[in-house]
Amino acid sequence: SLAILELVKQTGAEIEQVSIDEAYLDLSPVDPQADADELLYDAVAAAKELKRRIHDERRLTATIGIAANKLLAKLASDFDKPDGLTLIPERDKVRFLRSLPVRRIHGVGKMTEQALHRHHIQNVGDLQDYPGDLRGMLGSFGPVLKAFALGKDDRPVETEDSVKSISSENTFDEDTQDRKILRACLREEADELAAKLEHNQLVAYTVQVKVRYSNFTTLTRQLTLEEPIRGAETLFRTACHLLAREKLVKRPLRLLGLGVSRLTARTATQLWLPFPEKQ
């Protein structure tokens, strides 16, 4: 992984490594007036050269997706594994997305998927054609998801130093204080955050929960720990502790969120096993 990352760095791109075998590369030109699709086609040559070097020097295949933003590049990279090269031109992006299930879109977890299905939204084409305001079922994520469905994504490539916090939140179809539903939501969010921490090789010192009530009152509470955490189970238990300590579930919730901050690079630690002294 480190050897291949060195080859990737030699492209001169801005790099956001998201796992041991996956990274985003930003090859944006200086000229903002350049034609987007022409630039994408120009990137094909760089992608082919990178694939060639990985194959020749490491004897491994690599799959690359080329697009104008992170959302589409990720979908393109998943399109033709294990040795693919897929380009999604700007003019074709809406058509490319239409037949995909909604779960394939960034940020759509199990609970969001279920909420969409209850409104008969099964694939991205349904999202593209949906005439109403998605905020009614998804809160602030609604407009973001609508933009994603149309292939719009303004998230920048984040280098290691630029990742300051990670968060996840869900807006419920109906306000709820059902402990079973809330725990399931927190577990899903904890799993998502733990995966992102693992991908970025980070640990967190601060855990934050966020709640929103039916009158749109929004509260956040956080806890800073002496020892960093990164595992899903620890994140989940800490979040439950915060909700209980602050008595945040005193009435039905419209939204529940979980976040981590004070992030730092994960370092290896030495584990010592005690041995009994000789008698």
Side-chain angles (χ1 to χ4, degrees), residues 1-97 99-100 103-107 124 148 151-164 166 192-203 230 263-268:
S1 176
L2 292 174
I4 291 174
L5 186 60
E6 284 303 312
L7 296 178
V8 172
K9 288 178 179 177
Q10 291 172 26
T11 64
E14 291 287 324
I15 300 168
E16 177 185 343
Q17 186 175 4
V18 294
S19 71
I20 196 171
D21 64 349
E22 184 176 5
Y24 291 106
L25 280 68
D26 185 353
L27 289 164
S28 300
V30 176
D31 180 9
Q33 303 301 318
D35 180 77
D37 280 344
E38 286 184 12
L39 294 171
L40 291 177
Y41 283 110
D42 289 343
V44 172
K48 287 181 176 178
E49 174 61 14
L50 180 57
K51 283 170 60 68
R52 183 195 66 77
R53 292 197 64 189
I54 292 173
H55 181 268
D56 291 351
E57 298 183 30
R58 308 308 306 176
R59 299 298 181 211
L60 292 169
T61 60
T63 301
I64 298 178
I66 302 173
N69 58 55
K70 291 169 71 171
L71 171 81
L72 296 173
K74 169 62 176 171
L75 291 171
S77 71
D78 290 335
F79 190 70
D80 192 23
K81 290 186 175 181
D83 190 22
L85 176 57
T86 300
L87 166 70
I88 303 178
E90 279 290 278
R91 63 176 179 269
D92 295 335
K93 63 184 182 183
V94 173
R95 183 177 60 187
F96 178 90
L97 289 165
S99 62
L100 298 179
R103 189 65 179 268
R104 293 283 301 277
I105 298 296
H106 174 78
V124 180
F148 283 174
K152 301 175 182 178
D153 179 15
D154 59 3
R155 292 175 299 149
V157 167
E158 297 179 324
T159 61
E160 259 185 35
D161 294 337
S162 65
V163 181
K164 304 298 182 185
I166 303 172
E192 180 182 340
L193 296 190
K196 290 181 178 179
L197 289 171
E198 179 67 23
H199 287 167
N200 289 283
Q201 296 293 290
L202 295 171
V203 292
R230 61 187 176 91
L263 307 181
T264 186
R266 194 178 79 193
T267 57

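Counting from 1, the numbers follow the sequence of the chain as shown. Worth knowing before you read on, the calculation uses all heavy atoms, side chains too, and leaves out hydrogens, waters and symmetry mates.
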Residue [X] excluded, over 12 heavy atoms near [atom1] under 6.0 Å:
{"X": "Glu14", "atom1": "CD", "result": "no"}
{"X": "Lys51", "atom1": "NZ", "result": "yes"}
{"X": "Ile20", "atom1": "CD1", "result": "no"}

Taking salt bridge (charged side-chain N to carboxylate O under 4.0 Å, His left out) as the definition, give me every residue that meets it alongside [X], ordered by chain and number, with sequence neighbours left out.
{"X": "Lys93", "answer": "Glu90"}
{"X": "Arg58", "answer": "none"}
{"X": "Asp92", "answer": "Arg95"}
{"X": "Arg91", "answer": "Asp37"}

Can you find a pair of side-chain heavy atoms, one from [X] and one from [Y], that are under 4.5 Å apart?
{"X": "Leu97", "Y": "Arg104", "answer": "no"}
{"X": "Ser1", "Y": "Gln17", "answer": "yes"}
{"X": "Val157", "Y": "Leu25", "answer": "no"}
{"X": "Glu22", "Y": "Lys74", "answer": "yes"}

CA sep, side-chain torsions, deciding dist, call: Leu197, Val203, side chain to side chain contact (heavy atoms under 4.5 Å, CB included): CA-CA 6 Å; Leu197 289 171; Val203 292; over 6 Å; no
Taking every non-hydrogen atom, the tightest pair across [X] and [Y]:
{"X": "Phe148", "Y": "Asp153", "result": "CE2-OD1, 3.6 Å"}
{"X": "Leu40", "Y": "Ala68", "result": "CD2-N, 3.8 Å"}
{"X": "Asp80", "Y": "Leu85", "result": "OD2-N, 4.5 Å"}
{"X": "Ile64", "Y": "Leu50", "result": "CD1-CD2, 4.2 Å"}

Checking [X] now: which residues fulfil side-chain hydrogen bond (donor to acceptor under 3.5 Å, both in side chains) with it, not counting sequence neighbours?
{"X": "Asp21", "answer": "Ser19"}
{"X": "Lys48", "answer": "none"}
{"X": "Arg53", "answer": "Gln10, Glu57"}
{"X": "Asp154", "answer": "none"}

Contact list for residues 41-77, test ring-ring contact (aromatic ring centres under 6.0 Å, His included), sequence neighbours left out: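 Found none.
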Which residues share a ring-ring contact (aromatic ring centres under 6.0 Å, His included) with Phe79, sequence neighbours left out: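 Expected list: Phe96.
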Side chain to side chain donor-acceptor pair (under 3.5 Å) contacts touching residues 63-73 (sequence neighbours left out):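 Residue pairs with at least one partner in residues 63-73: Glu16-Lys70.
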Pairing residues for Ala67 by the side-chain contact (heavy atoms from CB on, under 4.5 Å) criterion, not counting sequence neighbours: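 By the side-chain contact (heavy atoms from CB on, under 4.5 Å) rule, Ala67 matches Leu72, Ala73, Ile88.
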Pairwise distance CD1(Ile54) to CG(Leu60) - rounded to 0.5 angstrom: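 Ile54 atom CD1 to Leu60 atom CG measures 8.0 Å (nearest 0.5 Å).
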Rounded distance (nearest 0.5 Å) linking atom CG of Leu75 with atom NE2 of His106: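 Atom-to-atom, Leu75:CG and His106:NE2 are 11.0 Å apart.
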Full working for side chain to side chain contact (heavy atoms under 4.5 Å, CB included) between Thr61 and Lys81: CA-CA 9 Å; Thr61 60; Lys81 290 186 175 181; over 6 Å; no
